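Predicted, not measured: the structure shown is a model, and the values here were computed from it. A, B, ... follow the sequence lines: proteins, then strands. Residue 1 opens every chain.
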Protein chains: 4
Amino acid sequence: MFNINTTSDKPIYEQIIDNIKELSLKKILRPEDKLPSVRQMASMLVVNPNTVSKAYQELERQKIIHTVRGRGTFISSETDFPVDKDRIAKALETLRDICIELGHLGFDREKIIKEIERIYCDIEKGGIK
Amino acid sequence: MFNINTTSDKPIYEQIIDNIKELSLKKILRPEDKLPSVRQMASMLVVNPNTVSKAYQELERQKIIHTVRGRGTFISSETDFPVDKDRIAKALETLRDICIELGHLGFDREKIIKEIERIYCDIEKGGIK
Amino acid sequence: MFNINTTSDKPIYEQIIDNIKELSLKKILRPEDKLPSVRQMASMLVVNPNTVSKAYQELERQKIIHTVRGRGTFISSETDFPVDKDRIAKALETLRDICIELGHLGFDREKIIKEIERIYCDIEKGGIK
Amino acid sequence: MFNINTTSDKPIYEQIIDNIKELSLKKILRPEDKLPSVRQMASMLVVNPNTVSKAYQELERQKIIHTVRGRGTFISSETDFPVDKDRIAKALETLRDICIELGHLGFDREKIIKEIERIYCDIEKGGIK
DNA sequence: GTGGTCTAGACCACA
DNA sequence: GTGGTCTAGACCACT
């Protein structure tokens, strides 16, 4: 269920964050679902508990999960999307960078949009699986 | 013409790379155009020459520019897109990550595609300017 | 009447303490009023009895409540304020920290004092309600 | 210049954060001033570099400082106060809690306001010293 | 030199 | 049992 690549140049804690965000968007993880405890997750992924903890803390900052003292960590219900201008601006800039990079790799507008469709198709059917 | 932000968390050398890629895609920089020398560029951008050098090396590795000994560095002609599977895979994975991140920021498929259109519109009209 | 948030980062036992202190200050709880037993309170608030017990112990230590064996727990009369230098020092330091935090959030002296007035207004009219 | 108490129940990294916020509010640290490097600060305060790093990262999240890659960490200019509703709500709640706590320690409204004046007086004259 | 990431292992508060 | 804090020490990327 979790895809961690220790040799990737993407930090492990970011990979954990992205995994959980993806599972949440795919509705495989639903509001109030309990996440594995820090220690469980750490032994599952064979990483240090501190690394998992860092990921959880960042997810909590982003209001995607929340902690109940002594009980564990849970997916938050996504009441209202926080309009975090900074994060949006950053994400859009990365999107722009990726378009340019893909442009240099032979992708034109249509191919990129087709790719987006493919990604969304995968995300949406995620819950059914 | 160049947009460098030393405060950003994107490495400066990557920012240089992305700037040149963007100018090239916008046809503001055209094949056989001469780039400033490492030292000129470094003093222009007020960064360390090593940083510019690293950017040029990476751009050369990606066949976007090439060096002629004693004459300088030039934009390559882009006739044949290199089918660099690794870079493509990496870019598509980042694209996927960004879609998930934007999904958590309230963007649905339509909004993302609209954004792509906007980006491409900007890139394409770049050459006219 | 009680405001408990298991998600908050303030420990539940502290929230219980603060709730009782507030009700006492607002004269909603008056000297010799009987508090619910530990178990009653625990089932009311849907928390662990140990947690309530810890809160009661701390309140007793602060002489805000007292226990009569076999009869229950009661609000103490507040004739003589305990001159607990440590607690005062700690509270004033927290007050200072909060002023600095609020200073960084755009609050100046006037705005903070206005806020204090508002808080006191709420506390004082609490008894009438 | 820095006041760290390892035995306090306030986490060290929070103490570092609060120290820097205070120095910044007192204009002893001014925009673009360089902070000691993580390692310098760590050896100054005789704490682990990770602890300092955690404090710096949180300060950066709060836009009070910013990092320039390879050069160090600097006080940010406080362009526009971020209207962080959550942090404001949390701070005001703590302020309320403190008023109640002080109420139980014999402080009435006037005494608390006098205390606020004292604190602000100290903060404002901080820059002159 | 700078900060960022990660590990291993310890201790503590809370429920 | 849970997460949070801290240390010591390692390695890496960037400038």
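- In this structure, the CG atom of B/Asn50 is 15 Å from the C1' atom of E/dT2, given to the nearest Å.
- If you measure from atom CD of C/Glu58 to atom P of E/dC14, you get 10 Å, rounded to the nearest angstrom.
- The side chain of A/Val38 sits closest to F/dG3 out of F/dT15, E/dG3, F/dG3.
- When both distances must be under 3.5 Å, the Watson-Crick or G-U wobble mate of F/dC14 is E/dG1.
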message = Could you walk me through whether D/Gln62 and D/Arg87 satisfy the side-chain contact (heavy atoms from CB on, under 4.5 Å) test, starting with their C-alpha distance in whole Å, then the side-chain angles of each, then the deciding distance to 0.1 Å, before giving a yes or no?
response = CA-CA 10 Å; D/Gln62 295 184 12; D/Arg87 270 175 66 204; 3.2 Å; yes

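- For A/Ile12, the side-chain atoms get nearest to E/dT7 when compared with the rest of F/dT5, E/dT7, F/dT7.
- Considering all non-hydrogen atoms of both residues, C/Leu102 and D/Ala91 come closest at CD2-CB, 3.7 Å.
- Between B/Ala42 and B/Pro49, the shortest heavy-atom distance links the atoms CB-CA, 3.7 Å.
- Residue A/Ser37 places none of its side-chain N or O atoms closer than 4.0 Å to OP1 or OP2 of F/dG1.
- Between the CG atom of D/Leu35 and the P atom of E/dT2 there is a distance of 13 Å, rounded to whole Å.
- Contact check, D/Lys54 against F/dC6: no side-chain N or O comes under 4.0 Å of OP1 or OP2.
- What separates CD of B/Glu14 from C1' of F/dT15 is a distance of 14 Å, to the nearest Å.
- The CG atom of C/Leu45 sits 16 Å away from the C1' atom of E/dC14 (whole-angstrom rounding).
- The nucleotide whose nearest atom lies closest to any side-chain atom of A/Pro11 is, among E/dT5, E/dT7, F/dG4, E/dT5.
- Between D/Tyr13 and D/Gly70, the one whose closest nucleotide on DNA chain F sits nearer the 5' end is D/Tyr13.
- We find that OH of D/Tyr56 is positioned 15 Å from P of F/dC6, with the value rounded to whole Å.
- For the pair C/Lys10 and D/Thr67, both in contact range of DNA chain E, the more 5′-proximal nearest nucleotide belongs to D/Thr67.
- As rounded to whole Å, 11 Å separates atom C1' of E/dA15 from atom CD1 of C/Ile16.
- The shortest distance between side-chain heavy atoms of B/Phe2 and B/Ile20 falls below 4.5 Å.
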task = Given salt bridge (charged side-chain N to carboxylate O under 4.0 Å, His left out), test B/Asp97 with A/Lys21 step by step and report yes or no.
result = CA-CA 9 Å; B/Asp97 288 345; A/Lys21 280 189 185 173; over 6 Å; no

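- An OP1 or OP2 oxygen of E/dG3 is reached within less than 4.0 angstrom by no side-chain nitrogen or oxygen of D/Ser53.
- Side-chain atoms of D/Lys34 and D/Arg71, non-hydrogen and from C-beta on, never get closer than 4.5 Å to each other.
- Among the atoms of the strands shown, none is found under 4.0 Å from any heavy atom of C/Thr6.
- With E/dT7, E/dG3, F/dG4 as the candidates, the nucleotide lying closest to the side chain of D/Arg39 is E/dG3.
- Contact annotation for A/Asn48: base contact, defined as any heavy-atom pair under 4.0 Å involving a base atom.
- OP1 or OP2 of F/dT7 lies within a sub-4.0 Å distance of a side-chain N or O belonging to D/Thr51.
- Here A/Gln57 reaches the OP1 or OP2 of F/dG4: one of its side-chain N or O atoms lies under 4.0 Å away.
- Distance CD1 (B/Ile4) to P (F/dC14): 14 Å, rounded to an integer number of Å.
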